[in-house]
Number of protein chains: 2
Amino acid sequence: MKLRHLSTAAADFEAEFQRVLHWSAETDSAIELRVAEILADVRLRGDAALLDYTARFDHLQAQSVAELELTRDELKAAFDAITPAQREALKAAALRVRSYHERQKQASGLSWSYVDEDGTLLGQKVTPLDRVGIYVPGGKAAYPSSVLMNAIPAQVAGVPEIIMVVPTPRGERNPLVLAAAYIAGVHRVFTLGGAQAVAALAYGTATVPKVDKITGPGNAYVASAKKHVFGQVGIDMIAGPSEILILADGTTPPDWVAMDLFSQAEHDEMAQSILLCPDAEYIALVSAAIDKLLPEMPRRDVIRASLEGRGALILTRSMEEACEISNRIAPEHLEVSSANPQAWEPLLRHAGAIFLGAYTSESLGDYCAGPNHVLPTAGTARFSSPLGVYDFQKRSSLIEVSEAGAQKLGVIAAELAYGEGLQGHARAAEMRLKK
Amino acid sequence: MKLRHLSTAAADFEAEFQRVLHWSAETDSAIELRVAEILADVRLRGDAALLDYTARFDHLQAQSVAELELTRDELKAAFDAITPAQREALKAAALRVRSYHERQKQASGLSWSYVDEDGTLLGQKVTPLDRVGIYVPGGKAAYPSSVLMNAIPAQVAGVPEIIMVVPTPRGERNPLVLAAAYIAGVHRVFTLGGAQAVAALAYGTATVPKVDKITGPGNAYVASAKKHVFGQVGIDMIAGPSEILILADGTTPPDWVAMDLFSQAEHDEMAQSILLCPDAEYIALVSAAIDKLLPEMPRRDVIRASLEGRGALILTRSMEEACEISNRIAPEHLEVSSANPQAWEPLLRHAGAIFLGAYTSESLGDYCAGPNHVLPTAGTARFSSPLGVYDFQKRSSLIEVSEAGAQKLGVIAAELAYGEGLQGHARAAEMRLKK
């Protein structure tokens, strides 16, 4: 395989490195126009527009949107129809994901308050969203694990109504996806997809209830639609291609590292897999393992295209330098494949998820370790976070000023309000002062 | 004043209520096009474009962008030049805002982890953003309090570099704004504004460093620019007109409630002030207080336009019904002007900030009670939160799977991965299984 080999010591490293990282999030303006039309049409015509687009794009005819809703019995039937091993795996994964997100809620998602020396109460009330929508792609990227990763944090947050949409082209349903919805606490499922499904969730129709937030991955139309309705409803981040960065000190079996690179590359041709390592001999071993293992992989064509197009094996001067480069990339998935990963973890400032040690393959985290697999891509880990319970909660400040507190605060507020030319603010504060 | 009086018992209430609430967040497409041009130009030409736009829009000539940076000495001079009372008020407000946000960080912004029964470590690392940009408007809406409310949470989060931009049309500087920057922990200040300032922060230029997130209010050009660069950098919410909703049980002096309605209405003509109360006589008293107090207000023309255009006094059947209507509105500011506010607070699900009891005028919260005054508007409190320390932090999942853990997790992950057709994921998990 013609995999890119770079070295930080090379004169052209910076230019080559920039070329590897380059990825444009620019959206196609033709898609944007088309999406804007679909959104406006669903907003105007509601269910009728949904039926039209579902017939046209998904080749699925229905007399009413109610026909497109799946019953709890249908979900249960899907769950009963998969293999026992699949059922056990889904249940075990759901249990661990739920347990992690319950810890997350305890750690950062509870209301708090305190009373100051004047008897004034200050705090923040944390409440779940009323209703959320989860977009689940159909077709080749139909991942039951994504159903768990989106629905369970919402359920743990306490969202009373979780609505899932999933396209079923020509009526073809993915039993694993429906089984995952069954155990993940999804309340209602509509077999709708595309920009029209996003529009239905954002604006509501006679049949599909309007939600407060939409999460979940989708194609370019779905991404464009989510960006368009942002503000009307909340959305999670718009995801770019998936990425893995592996920092290796040379102590992990090279086959393991090669397979971890594959596990990212197999998603699609735009996925990115990068190895950073200070040991040239080890890089050669990984490179050989890649060539050895590739022919065994059913998705070898995608893996090859991804690795040759966007992958890189980068020789660094040290593990410290590898950590610095990792911070520049701010990867979605960051494996620290080292005998002593805790030594490097404090140096790693930006990453969606950090997988520590040789046993922590990204794939364990993708499915069942517990943390969420919906993670910031394309360097957005610099300023955003994994999907979590916090995405399905919102906060309200609480303030109850005591009479004594109003005397002190009123003087300060009035002074600043007059300084800003807002006399109404000042007078409102002064009225609470004792004469 | 011709203030709208509604009653929930009236037959046409729902239609009238919808008319009051109507506000369109649609942006002007001419502004969007102009903003896209400015962004592209600054991205391409950097400092040169910044100098051109600053000369054209702010009538401020400079030879270099470095000339537009204010030194720490200039900020200190501004702080020294304001009155002692203003200095004390700013310092007192900053102290309280800092104290509240430190509590917030303790309550929801610390790293956490745990070890499961197999010795696998799971957790989340919370880290500050590296560099943030704060937009501060110039001109009539130049609020030093907003400098405190944006910069202090960033500082408490531990952001090492806080860059402020503020336009100074014709070179006119607002000493209170600069004094606030001085005490709020802002690291660098550029006298830049408009879409060009947002572009400089989002893309970076030779002189202005690229930031990871941009917060702070601005006009339609600034809002459009922030929305455009969202994804490239993080942004806070796009703010709509400011709103207050007062739930009154009739026990607060009517003058106080009238002035609290004014304090919102005086912001601008699109600001919204609504009173919900089950006591018709009390509503009449507030209405009389409004007519009595209005002539005294320097900003009476704005207040009248706002109250007549978008305000309403609404008679409800009960306080419970008032709480339900409040939840439908999801107001930015919610005053519970009641003798027993804690009885109603649990019923209030959606609001940016809840001000409890007669002494808690919104203006005390706006300036100095402690909680943030940057709050979700236009019903977005249904899914978003006050600006806070959490906006200047991001989280990374931490996973360190033990050898024993890999044996259990590997079986589950492989089963699910094969089910999704991702053999690389499955093999990566299986390789960690003991033979």
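Naming: A, B, ... by sequence-line order, numbering from 1 per chain.
Chosen from A/T127, A/L261, A/I82, A/D260, the residue pairing most often with chain B at heavy-atom distances under 4.5 Å is A/D260. Considering only heavy-atom pairs separated by less than 4.5 Å from chain B, the leading option among A/D255, A/V336, A/T120 is A/D255. The greatest number of non-hydrogen atom pairs below 4.5 Å with chain B, out of A/L348, A/V132, A/T380, A/V126, is found for A/L348. Options A/K394, A/K213, A/M297, A/R131 differ in how many heavy-atom pairs under 4.5 Å they form with chain B, and the most are formed by A/K394. Chain B forms more heavy-atom pairs under 4.5 Å with one residue of A/K125, A/M237, A/E362 than with any other, namely A/K125.
Side-chain contact check for A/S385 versus B/Q124: every heavy-atom pair is 4.5 Å or farther apart. Counting only heavy atoms from C-beta outward, the side chains of B/L122 and A/P371 approach each other to under 4.5 Å. Using a 4.5 Å cut-off on side-chain heavy atoms (C-beta onward), A/F262 and B/Q423 make no contact.
The OG atom of A/S397 sits 9.5 Å away from the NE2 atom of B/H333 when rounded to the nearest 0.5 Å. Taking OG of A/S363 as the start and CD1 of B/I412 as the end, the distance is 12.0 Å to the nearest 0.5 Å. Taken from CZ in A/R395 to CG in B/L375, the straight-line distance is 13.5 Å, to the nearest 0.5 Å. Atom-to-atom distance recorded for B/E400:CD and A/E345:CD is 9.5 Å, nearest 0.5 angstrom. A/M431 CE to B/T252 OG1: the interatomic distance, rounded to the nearest 0.5 Å, is 12.5 Å. One finds the CG atom of A/L334 at 10.0 Å from the CG atom of B/L398 (value rounded to the nearest 0.5 Å).
Proximity to chain A is absent for every atom of B/Y418, based on heavy atoms less than 4.5 angstrom apart. Only the side chain of A/Q342 comes within contact range of chain B, with at least one heavy atom under 4.5 Å from a heavy atom of that chain. Residue contact with chain A, scored on non-hydrogen atoms closer than 4.5 Å, involves the side chain of B/P341 exclusively. Looking at B/L90, both its backbone and its side chain come within 4.5 Å of chain A, counting heavy atoms on both sides. Residue B/K408 does not touch chain A at all, counting heavy-atom pairs closer than 4.5 Å. B/P346 touches chain A through its backbone: at least one of N, CA, C or O sits under 4.5 Å from a heavy atom, while the side chain does not.
When all heavy atoms of B/G123 and A/Y100 are compared, the pair lying nearest together is O-OH, 2.8 Å. Between A/C368 and B/L409, the shortest heavy-atom distance links the atoms SG-O, 3.5 Å. For B/S402 against A/Y359, the heavy-atom pair with the smallest separation is O-CB, 4.2 Å. Nearest heavy-atom pair across B/A413 and A/L364 is CB-CD2, 3.9 Å. What you find for B/K227 and A/F230 is that their closest heavy atoms are NZ-O, 3.8 Å.
Side-chain contact of A/H350 with B/D212: a donor-acceptor pair under 3.5 Å is absent, judged by distance alone.
Tested against B/Y367 for a side-chain hydrogen bond (donor to acceptor under 3.5 Å, both in side chains), the candidates A/E420, A/E415, A/H425 yield a single pass: A/E420.
Side chain of A/T360 to main chain of B/V401: a donor-acceptor pair is present (N/O by atom type, distance under 3.5 Å, no hydrogens or angles). B/S108 places no side-chain N or O within 3.5 Å of a backbone atom of A/G109 that could act as its donor or acceptor partner.
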Q | A/H267 and B/L422: CA distance, side-chain angles, deciding distance, side-chain contact (heavy atoms from CB on, under 4.5 Å) verdict | A | CA-CA 8 Å; A/H267 274 295; B/L422 296 176; 3.9 Å; yes

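At a threshold of 4.0 Å, the pair B/D116-A/R103 does not count as salt-bridged, since none of the basic side-chain nitrogens sits closer than that to a carboxylate oxygen.
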